[in-house]
There are 2 protein chains.
Amino acid sequence: MTDALSATFFALADPTRRAILARLASGDATVTELAEPHEMSLAAISKHLKVLEGAGLISRGREAQWRPCHLEAGGMREAASFIEEYRRFWDDSFASLKEYVKTLEPRTDGGKPERKRK
Amino acid sequence: MTDALSATFFALADPTRRAILARLASGDATVTELAEPHEMSLAAISKHLKVLEGAGLISRGREAQWRPCHLEAGGMREAASFIEEYRRFWDDSFASLKEYVKTLEPRTDGGKPERKRK
DNA sequence: TCGGTTGTGAACCTGATGGTTAAATACGTT
DNA sequence: AACGTATTTAACCATCAGGTTCACAACCGA
């Protein structure tokens, strides 16, 4: 799982980690603050943060004994692009665009009878 | 990892599985066809396909001894929405929109001196 | 019915994940 | 220097992921 994309998707594949990101979307927070809503040891949260940091989804500062976490959503860019590549397969607006194009040029190819039905 | 979103991200967190999806984007394919570019046993590919199917990213037909796989990109909807929630944190157009809004209303709040600097 | 091809299932192995508890570290306060 | 708070590290454990090989099932063709 050495590539960045895998690391990103992997990091996002855990509810606890997604909850942490959601929390950080509303502002930086310390580890203890992030751990508070979860029934889990601080050490476990610390591990999750390491995964998120490794994926470039958060960064950590240093303020006295606190290590405030900061959302680095830019780490999702590549993942977003990946998924967008597939949007045309499900998005209705793409589907209707496809229909529209079909209407415009009902027969531009010069061969293949295209008789296959059922 | 019972929730759909986790399953989706998990399925996407593997290069082999992403390659399979990419291949299916250009049309349905049998298991052997999908396996061909990978240095891996057929059984391993079969497992990957099960993961993808479990995440709702592909479906499988049945034609004689072949089990043609079909891309079900709709399974990415939720994942796409999730990531889009964070786009404003990195997308430049969102950033400049923020700047623009700031220009429009430099002081709309009635209280808090907001003197905190550095 | 006997092969040949396609795909899955079961058993197995190795290494990684996700959690635990118990030290250890880093820092501010007294 | 000693204490308290915040966080990480280490050691450990159970389970899972991803791969293997081998046997088997499903199907076509002769």
Side-chain angles (χ1 to χ4, degrees), chain A residues 1-24 27-72, chain B residues 1-24 27-72:
Chain A
M1 202 247 291
T2 55
D3 63 295
L5 201 43
S6 298
T8 307
F9 281 132
F10 176 80
L12 293 178
D14 182 285
T16 305
R17 288 193 290 262
R18 290 197 304 274
I20 289 174
L21 292 178
R23 169 55 244 276
L24 290 176
D28 296 5
T30 68
V31 178
T32 325
E33 283 167 355
L34 291 173
E36 197 266 316
H38 305 282
E39 296 184 344
M40 199 178 295
S41 72
L42 219 49
I45 297 291
S46 194
K47 280 189 186 179
H48 281 304
L49 293 176
K50 200 187 289 189
V51 172
L52 289 169
E53 191 178 25
L57 294 174
I58 69 168
S59 60
R60 282 188 273 187
R62 184 162 298 229
E63 251 184 74
Q65 68 259 223
W66 294 278
R67 240 128 297 179
C69 295
H70 177 77
L71 179 64
E72 297 287 351
Chain B
M1 203 247 289
T2 56
D3 63 296
L5 201 42
S6 298
T8 307
F9 281 132
F10 177 80
L12 294 177
D14 182 285
T16 304
R17 289 195 289 262
R18 290 196 303 275
I20 289 175
L21 293 177
R23 169 56 243 276
L24 290 176
D28 295 6
T30 69
V31 179
T32 325
E33 284 166 356
L34 291 172
E36 197 265 318
H38 305 283
E39 297 184 345
M40 200 178 294
S41 72
L42 217 50
I45 297 291
S46 195
K47 280 190 186 178
H48 282 304
L49 292 176
K50 199 187 288 187
V51 172
L52 289 168
E53 191 177 25
L57 294 174
I58 68 169
S59 60
R60 282 189 274 189
R62 184 162 298 229
E63 250 183 74
Q65 68 259 220
W66 294 278
R67 241 126 297 179
C69 295
H70 177 77
L71 179 63
E72 297 287 352

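To find a chain, count down the sequence lines: A is the first, B the second, and so on, and within it residues start at 1.
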K.L.:
Counting only side-chain N and O atoms of B:His48, is one of them less than 4.0 Å from OP1 or OP2 of D:dG19?
P.N.:
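Looking at the OP1 and OP2 atoms of D:dG19, one of them is under 4.0 Å from a side-chain N or O of B:His48.
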K.L.:
Atom NZ of A:Lys50 to atom C1' of C:dT17: distance rounded to whole Å?
P.N.:
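Rounded to the whole Å, the gap is 13 Å.
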K.L.:
How close or far is atom C1' of D:dC16 from atom CG of A:Asp14, stated in whole angstroms?
P.N.:
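From A:Asp14 CG to D:dC16 C1': 14 Å.
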K.L.:
Is there a side-chain contact between A:Phe10 and A:Arg17 (heavy atoms, below 4.5 Å)?
P.N.:
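In contact.
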K.L.:
What is the distance, to the nearest angstrom, from the CG atom on A:Leu49 to the P atom on D:dT7?
P.N.:
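These atoms are roughly 10 Å apart.
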K.L.:
Measuring to OP1 and OP2 of D:dA6, would you say a side-chain N or O of A:Thr32 lies under 4.0 angstrom away?
P.N.:
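False: A:Thr32 side-chain N/O out of range (4.0 Å or more) of D:dA6 OP1/OP2.
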K.L.:
Would you mind reading off the distance between A:Leu42 atom CG and C:dA22 atom C1', rounded to a whole angstrom?
P.N.:
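Checked: the CG to C1' distance equals 14 Å.
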K.L.:
For D:dT7 and A:Arg60 - does any side-chain N or O of the residue sit under 4.0 Å from the phosphate oxygens OP1/OP2?
P.N.:
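Checking D:dT7 against A:Arg60, no side-chain N or O comes under 4.0 Å of OP1 or OP2.
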K.L.:
Could you please name the option among D:dT20, C:dG19, C:dT21 that lies closest to any side-chain atom of A:Lys47?
P.N.:
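Nearest to the side-chain atoms of A:Lys47, counting from C-beta on, is C:dG19.
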K.L.:
Return no unless some side-chain N or O of A:Ser41 is found under 4.0 Å from OP1 or OP2 of C:dT20.
P.N.:
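A:Ser41 to C:dT20 OP1/OP2: side-chain N or O found under 4.0 Å.
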K.L.:
Find out whether A:Cys69 and A:Arg23 are in side-chain contact, i.e. whether some heavy atom of one side chain is under 4.5 Å from a heavy atom of the other.
P.N.:
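The answer is no; the side chains never approach within 4.5 Å.
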K.L.:
When all nucleic acid strands are considered with a 4.0 Å heavy-atom cut-off, which category describes A:Arg17: base, sugar-phosphate, or nothing?
P.N.:
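The answer is sugar-phosphate, as A:Arg17 gets under 4.0 Å only of primed atoms, P, OP1 or OP2.
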K.L.:
Please tell me which of B:Trp66 and A:Pro68 maps to the more 5' nucleotide of DNA chain D, matching each residue to the nucleotide holding its nearest heavy atom.
P.N.:
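The residue whose closest nucleotide sits nearer the 5' end is A:Pro68.
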K.L.:
When you get a sec, tell me which of C:dG28, D:dG18, D:dT8 is the closest nucleotide to the side chain of A:Gln65?
P.N.:
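The answer is C:dG28.
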K.L.:
Between A:Ser46 and D:dT8, does any side-chain N or O lie under 4.0 Å from OP1 or OP2?
P.N.:
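Yes, A:Ser46 has a side-chain N/O under 4.0 Å of OP1/OP2 on D:dT8.
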K.L.:
Rounded to the nearest angstrom, tell me the gap between atom CZ in B:Arg62 and atom P in D:dC27.
P.N.:
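Going from CZ in B:Arg62 over to P in D:dC27 covers 7 Å.
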K.L.:
Is any side-chain heavy atom of A:Leu12 less than 4.5 Å from a side-chain heavy atom of A:Leu21?
P.N.:
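Yes, their side chains come closer than 4.5 Å.
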K.L.:
Which atoms form the tightest heavy-atom contact between B:Ala55 and B:Ala7, and what is the distance?
P.N.:
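Scanning both residues, the minimum pair turns out to be CB-O, 3.7 Å.
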K.L.:
If you look at every heavy atom in A:Leu52 and A:Ala11, which pair is closest and at what distance?
P.N.:
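In terms of heavy atoms, the two residues are closest at CD2-CB, 4.2 Å.
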K.L.:
From C-beta outward on A:Thr30, which listed nucleotide comes closest to its side chain: D:dT20, D:dG19, D:dT7?
P.N.:
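The listed nucleotide nearest to A:Thr30's side chain is D:dT7.
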K.L.:
Taking atom P of D:dT21 as reference, at what distance in whole Å does atom CD of B:Glu39 sit?
P.N.:
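Checked: the CD to P distance equals 13 Å.
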